[in-house]
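Since the structure comes first, as structure tokens, the remarks are kept for the end.
For ligands, and for the atoms within them, numbers begin at 1 and follow the listed sequence.
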Amino acid sequence: MTKQRWSAPGRVNLIGEHLDYQGGPVLPIAIDRRTTVEAAAREDGRVHVRSERSEQPVEFDVETRPGEVTGWAAYVAGTVWAMRAAGHDVPGLDLAVSSDVPLGAGLSSSAALECAVAVAVRDLAGLDVDDVTLALLAQHAENDYVGMPCGAMDQLASMCGRAGHALLIDTAAAYPAVSPVAADWTADGLVLMVIDTKAEHELTDGGYAERRAESGEAARQLDLDQLAGATATDLDRLEGVTRRRATHVVSETARVHACVEAMAARDWSRVGELFTASHGSLRDDYEVSCPELDVAVDTAIAAGALGARMTGAGFGGSAIALLPADAVDAVDAAVHQAFEREGLTAPECFPTSPADGAHADP
Ligand code: ADP
Ligand code: MG
């Protein structure tokens, strides 16, 4: 059978961090780095998958169950499982994966892999499933097959991204509302730079689950289903850790709306300020930053960025900085020097821009 290709992008979240599992607004972009899946249906109900990033091809049955496939191919098996669990007739598959999304850098190579597989299966099987629903199935795969209790932001960004736009996603409803928002800093001479810190801390998984539990506890104390529904005055009813976590959620929710307004007004200084304030909140109130992210953010700002922040779950991964195009070299050099001075592994800086979400490739 002839092979066709589908691809799905990684993402960076502009602002609205750790809000997608508590009913808040988030503002990600799909980025111009993609995971590509070459795929063909098989008659025998088996799935064969290989990746350029792994020596080992993996084979499993379409009727796979959580726990059966582990490691990198779990993202693929999980997507097949979630689509079948939703009642879709998924055929056997031959899949070959390639990608230029850095793995484990907080840019959501996992969602890119799930979403690339999901759109390939949708087209090959001729399924009638809309993009948001397909993204939620990919999230189901990551939550309940891979075992990572993430919100839906990464999969929605990868599936629904639009070139030149960020996505304002309201996660309060079970079927999230996704609204494209023009994200055109390039026309005003600015660049969005990714700083991949190369740091991966042990805490990533445990810390994420711990934050979810702490936020859930804050919501419980306030008698709310979702913490993003809290107000500034509610905070007075909380103490200690739960108060700090809730302070982040309330202030970050306000910053997302302020950022959307500032982007519409092309007030990029304000966008930068909001990025930097978001980072401070994630560092001090939500406590998910790490030395590498703090060095990246502080150095980028000192070297000319309008603002910078960690993006994604934290405890390592990447930061983003919004900066004038003519400051790119200075910021890149300053960040490298600072990491060297601090004895940290060399980071990688690259510009990115908002790209289209998952689709069939020519
Ligand atoms: P992130 O999503 O931020 O990149 P994760 O830890 O969530 O980090 O996902 C990274 C994991 O996803 C990798 O360790 C690997 O198991 C899997 N993965 C993602 N992309 C690929 C790929 N192209 N080939 C093989 N495995 C991949
Ligand atoms: Mg991931």
Go through the steps to decide whether Gln4 and Glu38 satisfy the test side chain to side chain donor-acceptor pair (under 3.5 Å), and finish with yes or no. CA-CA 6 Å; Gln4 297 169 266; Glu38 202 179 68; over 6 Å; no
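- The protein non-hydrogen atom at the shortest distance from atom 27 (C) of ligand 1 is Leu113 CD2, 3.7 Å.
- Comment: Arg244 does not engage Asp284 in a salt bridge, judged by the lack of any side-chain N to carboxylate O separation of less than 4.0 angstrom.
- Every atom of ligand 1 with a heavy atom of Gly104 under 4.0 Å away is listed here by number and element: 1 (P), 4 (O), 8 (O), 10 (C).
- Applying the 4.0 Å criterion to heavy atoms of Val97 picks out, from ligand 1, the atoms 23 (N).
- Checked by distance only, ligand 1 and Ser110 come closer than 3.5 Å through their nitrogen or oxygen atoms.
- For atom 6 (O) of ligand 1, the closest non-hydrogen atom of the protein is Tyr75 OH, 4.2 Å.
- Counting only heavy atoms from C-beta outward, the side chains of Thr276 and Glu273 never approach each other to under 4.5 Å.
- The distance from ligand 1 to the heavy atoms of Gly106 drops below 4.0 Å at these ligand atoms: 3 (O).
- Considering backbone and side-chain N/O of Ser109, one or more are found under 3.5 Å from N/O of ligand 1.
- Geometrically, ligand 1 and Leu103 share no nitrogen or oxygen pair separated by less than 3.5 Å.
- Because the distance cut-off is set at 2.8 Å, Met148 fails to qualify as a neighbour of the Mg ion (ligand 2), as none of its N, O or S atoms comes that close.
- Short contacts between ligand 1 and Ser99, defined as distances under 4.0 Å to a heavy atom of the residue, involve ligand atoms 23 (N).
- Closest approach of Ala125 to Pro91, counting heavy atoms only: CB-CD, 4.0 Å.
- Contact annotation: for Val101 versus ligand 1, there are no heavy atoms closer than 4.0 Å.
- Nearest non-hydrogen protein atom to atom 15 (C) of ligand 1 is Trp72 CB, 3.8 Å.
- Taking only nitrogen or oxygen atoms, main chain and side chain alike, Ser51 reaches within less than 3.5 Å of ligand 1.
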